[in-house]
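Since the structure comes first, as structure tokens, the remarks are kept for the end.
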Amino acid sequence: MAVRDIDPDRRTEPRTDTAFFAVEIRGNDLYYRLVRNISASGFSFDDRFPLERPGDPIVMEFPLPGSREPIRISGRVVYARPDRGVGVRIEEVDDNRYAQLIAVPPPAK
């Protein structure tokens, strides 16, 4: 698992529109989140009433097509706004498995 050192104030890679459900893990609670875009350094998900606040740590599990084991991602909330959802900068992830997820083509529109 790689720990990343990324400038929190700048996006370093382009984002790809997507649509899949992931699970946010908050203590003993699970929240299903609709991921809307993804890049090598972060992602965002829909949330009209975000519980998260900028700077909060976040743990998510993303499905990986063809695998029974989800990808666990630790990150930090960059923004949380009802009109934009929640943006997350990835801090720790299995880079090889995450690269496989990013390689999955986005859904057809």
For this session: Indicate yes or no: at least one non-hydrogen side-chain atom of Tyr79 is less than 4.5 angstrom from one of Val86.
Result: no

Exercise. Ignoring hydrogens and geometry, is there a side-chain-to-backbone donor-acceptor pair from Arg89 to Gly42 under 3.5 Å?
Worked result: no

Exercise. Which pair of heavy atoms, one from Ala22 and one from Pro63, lies closest together, and at what distance?
Worked result: CA-CD, 4.4 Å

Exercise. CD1 of Ile38 to CD1 of Ile73: how many Å apart, nearest 0.5 Å?
Worked result: 6.5 Å

Exercise. Hydrophobic cluster mates of Leu51, side-chain heavy atoms under 4.5 angstrom, ILVMFWY only, any path?
Worked result: Tyr31

For this session: Only pairs at least two apart or in different chains count here, so list each ring pair (Phe, Tyr, Trp, His ring centres under 6.0 Å) that has a residue in residues 41-60.
Result: Phe43-Phe62

For this session: Could you name each residue pair satisfying salt bridge (charged side-chain N to carboxylate O under 4.0 Å, His left out) that touches residues 25-45, not counting sequence neighbours?
Result: Glu24-Arg26, Glu24-Arg33, Arg26-Glu52, Arg33-Asp47, Arg33-Glu52, Arg36-Asp46

Exercise. Sequence neighbours excluded, which residues qualify as side chain to side chain donor-acceptor pair (under 3.5 Å) partners of Ser44?
Worked result: Asn37

Exercise. What residues, two or more places apart in sequence or in another chain, satisfy salt bridge (Lys or Arg N to Asp or Glu O under 4.0 Å) together with Arg97?
Worked result: none

Problem set entry | For Arg81, all residues meeting salt bridge (Lys or Arg N to Asp or Glu O under 4.0 Å), sequence neighbours excluded | Asp83

Exercise. Are any of the side-chain heavy atoms of Val77 and Arg53 separated by less than 4.5 Å?
Worked result: no

Seminar exercise, completed: Correct closest heavy-atom pair for Val59 and Arg72 would be CG1-NH1, 3.9 Å

Seminar exercise, completed: In terms of heavy-atom contacts, Ala80 and Pro54 come closest through N-CG, 4.3 Å

Problem set entry | Which residues share a side chain to side chain contact (heavy atoms under 4.5 Å, CB included) with Val104, sequence neighbours left out | Pro65

Exercise. If Ile, Leu, Val, Met, Phe, Trp and Tyr residues are connected whenever their side-chain heavy atoms lie under 4.5 Å apart, and connections chain through other members, are Ile71 and Ile90 in the same group?
Worked result: yes

Seminar exercise, completed: Hits for salt bridge (Lys or Arg N to Asp or Glu O under 4.0 Å) against Asp56, two or more places apart or cross-chain, chain-then-number order -> none

Seminar exercise, completed: For Gln100, the side chain to side chain donor-acceptor pair (under 3.5 Å) test, sequence neighbours excluded, returns none

Problem set entry | Same apolar cluster: Val35 and Leu64, side chain cutoff 4.5 Å | yes

Exercise. Looking at CD of Glu61 and CG of Leu30, how far apart are the two atoms once the value is rounded to the nearest 0.5 Å?
Worked result: 8.0 Å

